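A short worksheet on the structure shown next.
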There are 2 protein chains.
Amino acid sequence: MAASRRNRSAATSSAVAVDRTTEAERDFLARYDPAAFPSVAVTVDIVLLTIRHGRLSVLLVQRDAHPFRGAWALPGGFVQPKEDLDEAARRELLEETGLQTFSGHLEQLRTYGTPARDPRMRVVSVAYLGLIADLPAPEPGSDVSAARFWAIEDLAEVEATSLAFDHDRILEDAVERARAKLEYTTLAISFVEEPFTISDLRRVYEAVWGVELDRGNFRRKVLSTPDFVVPTGRTTHTGRAPADLYARGSTQLLHPAMLRVSDRDLQRQ
Amino acid sequence: MAASRRNRSAATSSAVAVDRTTEAERDFLARYDPAAFPSVAVTVDIVLLTIRHGRLSVLLVQRDAHPFRGAWALPGGFVQPKEDLDEAARRELLEETGLQTFSGHLEQLRTYGTPARDPRMRVVSVAYLGLIADLPAPEPGSDVSAARFWAIEDLAEVEATSLAFDHDRILEDAVERARAKLEYTTLAISFVEEPFTISDLRRVYEAVWGVELDRGNFRRKVLSTPDFVVPTGRTTHTGRAPADLYARGSTQLLHPAMLRVSDRDLQRQ
DNA sequence: GTAATAGTGTCTGTGAGACATTATGGC
DNA sequence: GCCATAATGTCTCACAGACACTATTAC
């Protein structure tokens, strides 16, 4: 650990002591000269997932400007000068959905900054993952809107052309994050409205993981985890048989985790 | 989903069709005007962890320039204009350690962009987590270097003053990420040199998690996971009893996970 | 010899997977 | 009546935790 500029200037050996003050000063000044910093545009992109018609879906907007005009893209926009990253993500999300408040889960996914990811200029994008229960009023106003939910499985088939920028990659990472988090957290509840039945919750797992889960085992797992869900005492009668209704509990992490089928396959290979 | 600028301009209802082209054009032009974008400085900060003297340690550098002059900070620096984020992290890492190559593990941690995190200006920092085996030559040249490894536990005690910027927070997140990843990945191997003994690996877990693990159970877990480690056929005779030597296997994920003691506590609460 | 460590074996409890069984209500 | 679904129970296997025991080497 010797070669860096910062290290060299601070070294205490007499050999470089002469150079110390001048370089430190240069360094100091350089940091206050705006032209000395590579200037970058920073955006947030949001992958808002929901379960619609029993299928994992993502909110996309159709671009009306170049580049990728007409292509579908993740909602997002520039981070404002005095705005925190989380704030920016939340603001963009409200703007795109038209909601007054966002009741779901929102977390930072990761940051994408390959130099050529935006053909116009250097753009570093901080991607966010949002989970929300299916919105009651999907498309207000016109039936052909510039923003709509797409089922993930439909995207792969229908859209031969991929999403704008590197949003395919971001979406892929987001879906994998969501799938992984259902294993060891109680985040599945973010996908349903309260109160919900155990089967509602099971259908979330089935939609996100794309598998079928054993009803009895799933129920046992959920109810045996302390405070994963809390019983409301009420039952619903919308289906064939009456089902108990639950609200979310305070537990955030699952120990042991809920296992995916793919995990079991991996385990046995 | 109606209120966003992007949506409105692309809506197909006749009410806003008049405004469409003009706003779309304005939008289009605005994106090519450099002054229209909030300009931000983007840096990478690296949390390089290692096991030194049986304790989890982090590489820190002493700042020689304002702000936080004299304070300890995570190594890092500005992302260059045509440089990918991963590249920048790797470059800064080599500069700070003086190594020719980096053989450990390096992954993006998360991005920190609170407006006031740097008093000089808006700086968005993409933090990276690096894991490496203990370096053979710790401090080349002077014995009092501007870069050194600090044991995590010593930082909490010795450094009454915290790290520069929000690096305390970043370090905390990094350590938690490392602790979590040892559970469900084989990343612990990144902390040891090959070949290694099962006990070497166990001591990694013990150092990172700060717990003592049962020798027999740990050994059984590691050897029962297919291709976690591969036997070399050789044995070491440096300790009391001869120990079998292993090399890393190809497995990346552990199923089921290696459980932390803290997990068990949580489970039983 | 003692102490420390590596390697191995054994017992037990928990929990997941694979079912089966019963109850309820829509059709 | 039939059938889909909810709720519950049962059996078995895998695996983690808590040990015990032996072998080898440094001192």
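Remember, predicted model here, so these are calculated numbers, not experimental data. By convention in this document, chain letters (A, B, ...) are assigned in the order of the sequence lines, proteins followed by strands, and residues within each chain are numbered from 1.
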message: Check this one for me: any side-chain N or O of Lys221(A) less than 4.0 Å away from OP1 or OP2 of dA16(C)?
response: yes
field: Spacing of Arg215(B) atom CZ relative to dA20(D) atom P, expressed in whole Å
entry: 13 Å
message: Between P on dA6(D) and CZ on Phe218(A), what's the gap in Å once rounded to a whole number?
response: 11 Å
statement: Arg202(B) and Asp214(B) have their tightest heavy-atom pair at CD-O, 4.4 Å
query: When the distance from CG of Leu223(B) to C1' of dT8(C) is rounded to whole Å, what number comes out?
result: 11 Å
Integer-rounded Å distance: dT5(D) C1' and Glu212(A) CD: 13 Å
query: Rounded to the Å, how far apart are Arg203(A) CZ and dA4(D) P?
result: 15 Å
query: Roughly, in whole Å, what's the span from CD1 in Ile198(B) to C1' in dG7(C)?
result: 10 Å
CA sep, side-chain torsions, deciding dist, call: Tyr205(B), Phe218(B), ring-ring contact (aromatic ring centres under 6.0 Å, His included): CA-CA 10 Å; Tyr205(B) 277 90; Phe218(B) 181 85; 5.4 Å; yes
- prompt: Heavy atoms under 4.0 Å, any strand shown: does Thr197(B) hit a base, just sugar-phosphate, or nothing?
  reply: nothing
query: Got more than 12 heavy atoms from elsewhere within 6.0 Å of CD, Gln252(B)?
result: no
message: Could you check whether the side chain of Asn217(A) and the base of dA18(C) have a donor-acceptor pair of N or O atoms closer than 3.5 Å, going by distance alone?
response: yes
- request: Find the distance His255(B):NE2 to dC15(D):C1' and express it as a whole number of Å.
  value: 15 Å
field: Side-chain donor/acceptor contact of Arg219(A) with base of dA6(D) under 3.5 Å
entry: no
statement: His237(A) NE2 to dA6(D) C1', in whole Å, measures 12 Å
field: Parallel, tilted or perpendicular: rings of Tyr184(B) and Tyr184(A) (30°, 60°)
entry: parallel
- prompt: Ion pair present between Arg177(B) and Asp173(B), side-chain N to carboxylate O less than 4.0 angstrom?
  reply: no
query: Which is true for Ser199(B) with a 4.0 Å heavy-atom rule: it touches a base, it touches only sugar-phosphate, or it touches nothing?
result: sugar-phosphate
Nearest-nucleotide 5' precedence on DNA chain D, Ala241(B) against Ser224(B): Ser224(B)
query: If you check the Asp244(A) side chain, which of dT24(D), dA7(D), dA16(C) turns out closest?
result: dA7(D)
- line: Note: for Asp200(B) and Asp214(B) on DNA chain C, the residue whose nearest nucleotide lies more 5' is Asp200(B)
- prompt: Within less than 4.0 Å of OP1 or OP2 of dA6(C), is there a side-chain N or O belonging to Arg202(B)?
  reply: yes
message: On the side chain of Arg220(B), is there an atom forming a donor-acceptor pair with the base of dG9(C) - under 3.5 Å, no angle test?
response: no
